[in-house]
Amino acid sequence: MLELAIGIILGCCALGAGCAMIAGIGPGIGEGNAVAKACEAIGRQPESIGQVRSTMLMGCAIAETTGLYALVIAILLIFVAPNMFVNILMNVIG
C-alpha cells in the first residue's frame with residue numbers, strides 16, 4: 001500500500017513537471033514573432049534601428065521569464081517535491 005502511494009506521488013510530480021514545461025512553448029513563439037516584426041520594422045525604417053532593437057530586447061527578456069519560471073517549477077517538482085511529499089506521507093502514517 002505504501003509503495004503505491006509513493007508511486008502515485010512520483011507520477012504526479014513527473015506529470016506536473018511535464019505540464020509546467022509546456023509553458024516553454026509560449027516564449028519561443030512570442031520571441032520568434034517579436035524578432036520577425038522587429039526585422040520587418042527595421043527593413044521599413046532603417047533609421048529607427050536603435051529604438052526597435054532596444055524595445056525588442058526588452059520584450060524578449062520579459063517573455064523569457066515565463067519559460068524560466070516554468071523551468072524552475074519543473075526542477076522543483078522533480079527534485080524537491082517528491083521527497084517532501086513522501087516525508088509528509090510517512091509522518092501521517094506514523
Side-chain angles (χ1 to χ4, degrees):
M1 180 71 173
L2 181 63
E3 292 82 16
L4 178 64
I6 292 173
I8 290 172
I9 289 171
L10 294 176
C12 289
C13 287
L15 186 64
C19 290
M21 287 313 298
I22 291 174
I25 295 171
I29 294 171
E31 289 173 25
N33 285 338
V35 171
K37 295 296 181 179
C39 289
E40 184 179 321
I42 291 170
R44 289 183 183 188
Q45 292 184 338
E47 66 274 3
S48 67
I49 189 169
Q51 186 177 7
V52 171
R53 183 188 310 137
S54 63
T55 304
M56 180 200 65
L57 288 176
M58 180 61 75
C60 285
I62 291 171
E64 188 65 30
T65 59
T66 306
L68 292 176
Y69 289 145
L71 179 65
V72 168
I73 299 259
I75 289 172
L76 288 174
L77 281 171
I78 291 173
F79 294 111
V80 177
N83 189 27
M84 185 179 68
F85 289 140
V86 168
N87 286 339
I88 291 171
L89 177 69
M90 292 299 194
N91 289 336
V92 168
I93 290 176

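Atom set for the values below is all heavy atoms of this structure, side chains included, hydrogens, waters and symmetry mates excluded. Computed from a predicted model, the values in this text were never measured in an experiment.
- In this structure, I88 CD1 and N83 CG are separated by 10.0 Å, a value rounded to the nearest 0.5 Å.
- Residues V80 and I73 do not share a hydrophobic cluster, clusters being chains of Ile/Leu/Val/Met/Phe/Trp/Tyr side chains in contact below 4.5 Å.
- With rounding to the nearest 0.5 angstrom, the CG atom of L77 is 9.0 Å from the CE atom of M84.
- The distance from the SG atom of C39 to the CZ atom of R44 is 12.5 Å, given to the nearest 0.5 Å.
- No single ILVMFWY cluster, assembled from side-chain heavy atoms under 4.5 Å apart, contains both L2 and I8.
- When every heavy atom of L71 is checked against every heavy atom of M21, the shortest pair comes out as CA-SD, 3.8 Å.
- In terms of heavy-atom proximity, A38 sits nearest to M56 at CB-SD, 3.5 Å.
- Between A23 and T66 the shortest heavy-atom distance is O-CG2, 4.3 Å.
- In this structure a side-chain-to-backbone donor-acceptor pair under 3.5 Å is missing from T55 to V52.
- Considering every non-hydrogen atom in both G43 and P46, the closest pair reads O-CD, 4.2 Å.
- One hydrophobic cluster, built from ILVMFWY side chains closer than 4.5 Å, holds both L10 and L89.
- Considering every non-hydrogen atom in both C13 and A81, the closest pair reads SG-CB, 4.0 Å.
- Hydrophobic cluster membership is shared by I93 and I9, with clusters built from Ile, Leu, Val, Met, Phe, Trp and Tyr side chains linked at under 4.5 angstrom.
- The shortest non-hydrogen separation linking V35 to C60 is CG2-SG, 4.4 Å.
- Residues I62 and I29 are members of separate hydrophobic clusters, defined by side-chain heavy-atom contacts under 4.5 angstrom among Ile, Leu, Val, Met, Phe, Trp and Tyr.
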